[in-house]
Enquirer: 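Okay, handing you the structure first.
Convention: sequence-line order gives letters A, B, ...; per-chain numbering from 1.
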Amino acid sequence: MSSLLTALNPEQLEAVTLPHQSALVLAGAGSGKTKVLTTRIAYLIQSGEVSPHGILAVTFTNKAAKEMLTRIAAMLPINTRGMWIGTFHGLCNRLLRAHHQDAGLPQTFQILDSADQLAVIKRILKNLGADDEKFPPRQVQWFINNAKEEGLRASQVEAYDDYTRKMVEFYASYEHQCNKEGVVDFAELLLRSYELLMRNEIVREHYRSRFLHILVDEFQDTSRLQYKWLRLLAGPKTAVFAVGDDDQSIYAFRGANTGNMREFEQDFRIPRIIKLEQNYRSHGNILDAANTLIRNNNGRLGKNLWTSEGRGEPIRVYNAPTDFDEAAFIVDEVKSLRAEGVQLSQIALLYRSNAQSRVLEHALFNASLPYRVYGGMRFFERQEIKHALAYLRMIANPEDDNALLRIVNFPARGIGLRSLEQLQDEVRQQGGSLWEAMLKKCRGREPATSGLLNKSSAGVGENKEPDRPRRGIEGFVALIESMRQVCETLPLPEIVEHMLEHSGLIRHYQAEREGADRLENLNELVTAATAFVHEAEDDGLAVFLNHASLEAGEHQAGGGEDALQLMTVHSAKGLEFHSVFLSGLEEGLFPHDNSRNEAGGLEEERRLMYVAVTRAKRRLYLSFAQSRMLHGQTRYNIPTRFIEEIPQGVLKWLQPVQKTAPWRPAPLSPTQEVAQRPQIREMGVREATASPWRVGQNVVHAKFGAGVIVNCEGRGADARVEVKFGRNGSKWLLLEYAKLTAL
DNA sequence: CTAGCTGCTGTTTTT
DNA sequence: CAGCAGCTAG
């Protein structure tokens, strides 16, 4: 027992050994938060306070859940399977699956990821003949998810205007469609299980008396609905142990509500917040930067990280002319770090948005540096995998219209829009699923078909000639029916193999020029299925499909090699690295332009920056580029304000700002310039080539601060430039009066 | 019905 | 610079 506790500092020890009561732990970055959580669980079990059965722990990512399980397993010789440890979504899934009848769901209900959800919505909008100018599918999706997050069903949303009424109509229709198909989206997982607990006293009391301890990781990221879910699940005898850090709340955009921490304090009568402020991760300079930066935010619970380590190295700042140069710089530095003996896997390249990884990847590839990109297009989100999963879904449940539509004509088998519209009309009039309509059609018109199909499906096991793909609706129906029949008795990996072979997916991608990667991914799917069978307790097809929706990002090929880690700042949360490169630190990118309009947007961006900075243990690089290719055109940006918010004493500018910068040729060609601002024509451009005031030039204005020239016009006394300032937007300035300084 | 083209648009972060 | 919707020629 004591061995568990020896390595803890006084605050950690207090948190871990707290008696049976609810508690709120404010745990700064790198303060041993996961250690406290896992040690607490181990301590509770080892002291006999509770059995593994009585513990529920909830995290935000699958990665974190896995990490927690691994650490607990290392501390205690127990079977972790009985413990409920997972993400909110994962646990809700588990709950709904166990009580699917009470929740009004089919046993094999499937989960829609956001792309699937969008597809369903698009379909519905089309069906209802909605004006997609006025009602973009994405907005409808947003509306629905928001309503669910508020705990509202379509019938409960109050609509006082036509627009909202229309939205509610779509929502109702969407609800209906999902129920019919037996599918649930992410928000539905939460809402459904919330409603289940709310309405079903027996279920609720069962879990309330079962879970004596509920532990919540990243509590600052819980949404309103998640919090209500927790409050419902916690019985009078349940101790809720919440660990969070308001400064690391970076998911407000999807409903996270820091206010939950305050509310929790009151609802659960927390006498005193335990603060963990000693940081075991980073050196002093890095912590200084983080502390000073985050002090610019208001309404914090308040916390200051400190370390017993020294100041360490300064934070390196690099000012690159272009994104391309920035990437080259990073590659050089990575190489010398490697030469110093730093493992590549201990180096992270972080960026604000996924699109930024391209330049970096390009440079790394050319330098033959192995790297691994997290996030972005995930394995289970790739189109070939989605196609394959759709076939599997049809095998599990052919009523799944969404899956059917995805693959009914992929690979192409001669089922066009016309026949599909016919079917959909039929469904609209007579109800039922597309699949049923198809069956009716085949059976009704050509009773002979089903006889034929039975014969051919009997021969499937023989693997004769790789059967020629049958075309038309009959062919499709025969294919799915034969797959369903054959797969009834097969183990999961063989189901996948059989499906890949007979669906024609393999054949299709073999014929495609760029299909090699896709084939490899499809093979990888078989591997994933095999791995799943070994790990999961229930290895049925339906459960595997759920796993695929919920853990879209977990499965990444090529994990073993020592490689650089590329990811967004969001996905870096909770991780740490010897060295961190933070690139693209430009106004507009980080803080992102879109956060300007949102309430609290800037503060969330700052917290994001805080998270990024605190990932570094020893060395931190901050870099920005004066010009960057984005969405197909060159953009000019000034450095992020966040760099100014860091004490300059801890920074070391690697390429000091040059007063006499060597002039680069203006990246905009005259034709582009004309296309953008036809009224100024050659004039501005010619002028620009002759004077130091040219597009892309960084300048400082006495009143408006730092900016960058984005346009030139006129000459002599009339010469004007358009300057984009970070905080004050863009302004046209007369060069004669505006005292600009070139940087 | 299919494939291939054009032209348009939308762009943050994720379970 | 995507990815996608819509159109057109086979």
Enquirer: Which nucleotide sits closest to the side chain of A:Ser114: B:dT12, B:dT14, B:dT15?
Expert: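 So the side chain of A:Ser114 is nearest to B:dT15.
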Enquirer: Checking A:Lys228 now: which residues fulfil salt bridge (charged side-chain N to carboxylate O under 4.0 Å, His left out) with it, not counting sequence neighbours?
Expert: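 With sequence neighbours excluded, A:Lys228 shows a salt bridge (charged side-chain N to carboxylate O under 4.0 Å, His left out) to no residue whatsoever.
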Enquirer: Not counting sequence neighbours, which residues clear side chain to side chain donor-acceptor pair (under 3.5 Å) with A:Glu67? List them please.
Expert: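 Expected list: A:Arg71.
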Enquirer: Excluding sequence neighbours, so at least two apart, what forms side-chain contact (heavy atoms from CB on, under 4.5 Å) with A:Ala572?
Expert: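 If we apply the side-chain contact (heavy atoms from CB on, under 4.5 Å) test to A:Ala572, skipping adjacent residues, the hits are A:Leu350, A:Met567, A:Arg615.
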Enquirer: side-chain contact (heavy atoms from CB on, under 4.5 Å) with A:Glu645: which residues, sequence neighbours excluded?
Expert: A:Leu293, A:Asn296, A:Arg606, A:Arg641, A:Phe642
Enquirer: Determine which pairs satisfy salt bridge (Lys or Arg N to Asp or Glu O under 4.0 Å) with at least one residue from residues 626-635 of chain A, sequence neighbours left out, and list them in order.
Expert: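 For residues 626-635 of chain A: A:Glu326-A:Arg628, A:Glu586-A:Arg628.
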Enquirer: Mind listing the residues from residues 143-153 of chain A sitting with a heavy atom below 4.0 Å of DNA chain B? Number order is fine.
Expert: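 Heavy-atom contacts with DNA chain B come from no residue of residues 143-153 of chain A; none.
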Enquirer: Is it the case that the base of B:dT13 and the side chain of A:Arg254 share a donor-acceptor contact (distance under 3.5 Å, atom types as modelled)?
Expert: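 By the distance-only test, no, there is no pair.
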Enquirer: Considering only the P atoms, how many Å lie between C:dC4 and B:dT13, rounded to the nearest integer?
Expert: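 Per the computed distance, 16 Å lies between those P atoms.
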Enquirer: Which residues pass the salt bridge (charged side-chain N to carboxylate O under 4.0 Å, His left out) test with A:Arg413, not counting sequence neighbours?
Expert: none
Enquirer: Which residues pass the side-chain contact (heavy atoms from CB on, under 4.5 Å) test with A:Asp246, not counting sequence neighbours?
Expert: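 Scan of A:Asp246 (side-chain contact (heavy atoms from CB on, under 4.5 Å), adjacent residues dropped) gives A:Leu26, A:Thr258, A:Met261, A:Arg300, A:Leu301, A:Lys303.
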Enquirer: Counting side-chain heavy atoms from CB outward, which of B:dT13, B:dT15, B:dT2 is closest to A:Arg471?
Expert: B:dT2
Enquirer: Give A:Asp113 one of three labels, base, sugar-phosphate or nothing, depending on what nucleic acid heavy atoms sit under 4.0 Å from its own.
Expert: nothing
Enquirer: Record whether the side chain of A:His592 comes under 3.5 Å of the base of B:dT12 through a donor-acceptor pair of N or O atoms.
Expert: no
Enquirer: Check every atom of B:dT11, B:dT15, B:dT2 against the side chain of A:Asn594 and return the nucleotide holding the closest atom.
Expert: B:dT11
Enquirer: Closer than 4.0 angstrom, basic N to acidic O: yes or no for A:Glu604 and A:Arg607?
Expert: yes
Enquirer: Please classify the nucleic acid contact of A:Arg413 as base, sugar-phosphate, or nothing, using heavy-atom distances under 4.0 Å.
Expert: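 Sugar-phosphate: the residue A:Arg413, judged by heavy atoms under 4.0 Å, touches backbone atoms but no base.
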Enquirer: Check every nucleotide of DNA chain C for an atom under 4.0 Å from a heavy-atom of chain A, then give the first and the last such nucleotide from 5' to 3'.
Expert: C:dC1 to C:dA5
Enquirer: OP1, OP2 of B:dT14 versus side-chain N and O of A:Asn62: anything below 4.0 Å?
Expert: no
Enquirer: Report each atom pair, protein N/O against N/O of nucleotides 7-10 of chain B, whose distance is under 3.5 angstrom.
Expert:
none

Enquirer: Tell me, please, which residues at least two apart from A:Arg471 pass side chain to side chain donor-acceptor pair (under 3.5 Å).
Expert: none
Enquirer: Would you say A:Arg138 has more than 12 foreign heavy atoms packed within less than 6.0 Å of its CZ?
Expert: no
Enquirer: Kindly state each residue pair satisfying salt bridge (Lys or Arg N to Asp or Glu O under 4.0 Å) with at least one member in residues 567-577 of chain A, sequence neighbours excluded.
Expert: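 Qualifying pairs: A:Glu218-A:Lys573, A:Asp221-A:Lys573, A:Arg281-A:Glu576, A:Glu576-A:Lys617.
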Enquirer: Look at A:Thr568 and B:dT14 and indicate whether a side-chain polar atom (N or O) is within less than 4.0 Å of OP1 or OP2.
Expert: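 Yes, because at least one side-chain N or O of A:Thr568 sits under 4.0 Å from OP1 or OP2 of B:dT14.
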